[in-house]
Amino acid sequence: MIRQAIIPLAGLGTRLLPLTSVFAKELLPMNGKVGIEYILDECIDAGIKEVVFIISKNKMMIKDYFYKDSFYKKIIKKKGDKRIISAYRKILKYKKMIKFVYQNKPLGTGDAVLKTKKFIKDKYFLMLLPDDLIIKKNCSKDMIRISKKNKCSVMASMKVKKNNVSRWGIYSVSKRLNKDNFFIKDVIEKPTIKNAPSTNAVIGRYILPKKIFSKLKNLKPGQGGEIHITDAIKKLINGGHKIIGHKFRGKYLDCGSMSGYVKSGIEIAKL
Ligand code: G1P
């Protein structure tokens, strides 16, 4: 069973400046709902019971959003407004399932994952990257089903344009399982067009095994000087661990860039 999820939230959000100069990008609203709540709702619907947020001291605002509830209590006592009561109930529901760890230096996604080691109990856990929103179909739910059936790791994936490969983790396929699922032979973080083994990109949903922590422990910084989860995954594959690339059915929205963020709000409003 996959019951735990982790969400790296320590990123600086520079691609969204000036919106993020004093504000956490994950708290920016889209169509009247805070971005991170879309990710949490995906988790809840996929059966996740506990979510570990990896934040930094610059992102304490995220903890406040879910934990500082004296304000709600006061207003509700005074006004008893139904809408506020239901908003507060939702926040309380999230609060119950969230734990926090800290990554104060931006050393990369791999380093962020390593910070959650003491919380992870089961053989597999889910990781969601909050810049990547997938709507219309619950990608995490589908991946959990695939992981359970095949007893292995899964990464969400989609085809990208060849001239865009250096923005993503790119993988090559060893064997096709069916129309939407492939066993991964190798994965490279942000390769040049010349070095890219394909145009299959990794998107921010991963089902990872607990044993990835031992690979992360001694991992050296890679592309761009950061410690990448992709490099730990590569080590797992080399050690014989099976990983499926899952071509998800939903629609991908990039909330981490300004144009993507604006477009995401419009797409969500159409739902
Ligand atoms: C991260 C991963 C990359 C993956 C991407 C998906 O990159 O390192 O392999 O393709 O997420 O969004 P980042 O977006 O943090 O640069």
Side-chain angles (χ1 to χ4, degrees), residues 2-9 11 13 15-16 25-48 51-54 94 97 109 112-113 124-150 152-161 164-165 167-171 177-182 184 187 198-208 229-230 233 243-271:
I2 296 174
R3 294 173 304 173
Q4 293 180 295
I6 66 168
I7 309 181
L9 296 161
R15 289 191 294 154
L16 279 165
K25 65 175 172 182
E26 297 82 5
L27 294 182
L28 290 171
M30 282 178 289
N31 197 39
K33 180 166 151 181
V34 159
I36 189 67
E37 290 188 14
Y38 289 98
I39 303 277
L40 285 170
D41 288 346
E42 179 177 331
C43 287
I44 293 169
D45 181 52
I48 295 295
V51 182
V52 183
F53 277 12
I54 306 134
Y94 293 140
M97 63 191 294
T109 315
V113 174
Y124 288 98
F125 61 97
L126 170 70
M127 172 165 79
L128 305 96
L129 302 184
D131 281 358
D132 295 348
L133 214 60
I134 298 169
I135 56 169
K136 294 188 176 167
K137 190 95 173 65
N138 189 327
C139 178
S140 296
K141 200 178 193 171
D142 289 343
M143 286 171 56
I144 288 173
R145 192 177 27 80
I146 294 162
S147 165
K148 206 170 148 191
K149 191 171 166 201
N150 297 283
C152 67
S153 293
V154 186
M155 297 198 284
S157 96
M158 69 177 186
K159 281 262 179 216
V160 293
K161 293 207 176 87
N164 241 339
V165 284
R167 155 71 186 87
W168 310 95
I170 299 288
Y171 70 87
L177 199 63
N178 52 44
K179 199 166 127 281
D180 296 326
N181 299 292
F182 309 87
I184 293 178
V187 61
S198 74
T199 52
N200 298 318
V202 176
I203 301 301
R205 300 288 182 279
Y206 304 72
I207 289 175
L208 299 169
I229 194 66
T230 313
I233 291 169
I243 304 192
I244 289 175
H246 168 63
K247 265 172 82 183
F248 56 88
R249 293 279 174 89
K251 186 176 172 62
Y252 167 73
L253 301 172
D254 169 19
C255 301
S257 70
M258 187 57 95
S259 60
Y261 168 66
V262 172
K263 198 174 152 215
S264 300
I266 296 166
E267 287 296 329
I268 291 169
K270 284 193 219 156
L271 290 177

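We count residues from 1, following the sequence as given.
For R145, the side-chain hydrogen bond (donor to acceptor under 3.5 Å, both in side chains) partners two or more places apart in sequence, or in a different chain, are D142. In this structure, the side chain to side chain contact (heavy atoms under 4.5 Å, CB included) partners of K141, at least two apart in sequence or on a different chain, are D45, A46, N138. Applying the side-chain hydrogen bond (donor to acceptor under 3.5 Å, both in side chains) test to K270 and every residue at least two apart in sequence or in another chain returns E267. With sequence neighbours excluded, the residues that form a side chain to side chain contact (heavy atoms under 4.5 Å, CB included) with S153 are Y124, P209, H241, I243. For Y261, there are no side-chain hydrogen bond (donor to acceptor under 3.5 Å, both in side chains) partners at least two apart in sequence or on another chain. K247 is linked by a side chain to side chain contact (heavy atoms under 4.5 Å, CB included) to S157, D180, F182, counting only residues two or more places apart in sequence or in another chain.
Each of L208, I207, V154 was evaluated against L126; a single residue qualifies, I207, per the side-chain contact (heavy atoms from CB on, under 4.5 Å) test.
In the displayed structure, R3 atom CZ is contacted under 6.0 Å by at most 12 heavy atoms of other residues, nucleotides or ligands.
C139 and R205 make their closest contact through SG-CG, 3.9 Å (heavy atoms, listed as atom of the first residue, atom of the second, distance). Annotation for L16 and C255: closest pair CD1-O, 3.4 Å, computed over non-hydrogen atoms.
Looking at S264, its side chain does come within 3.5 Å of a backbone N or O of G260 through a donor-acceptor pair. No side-chain donor-acceptor contact under 3.5 Å links Q4 to the backbone of V52.
By the 6.0 Å and 45° rule, K33 stacks over the aromatic ring of Y38.
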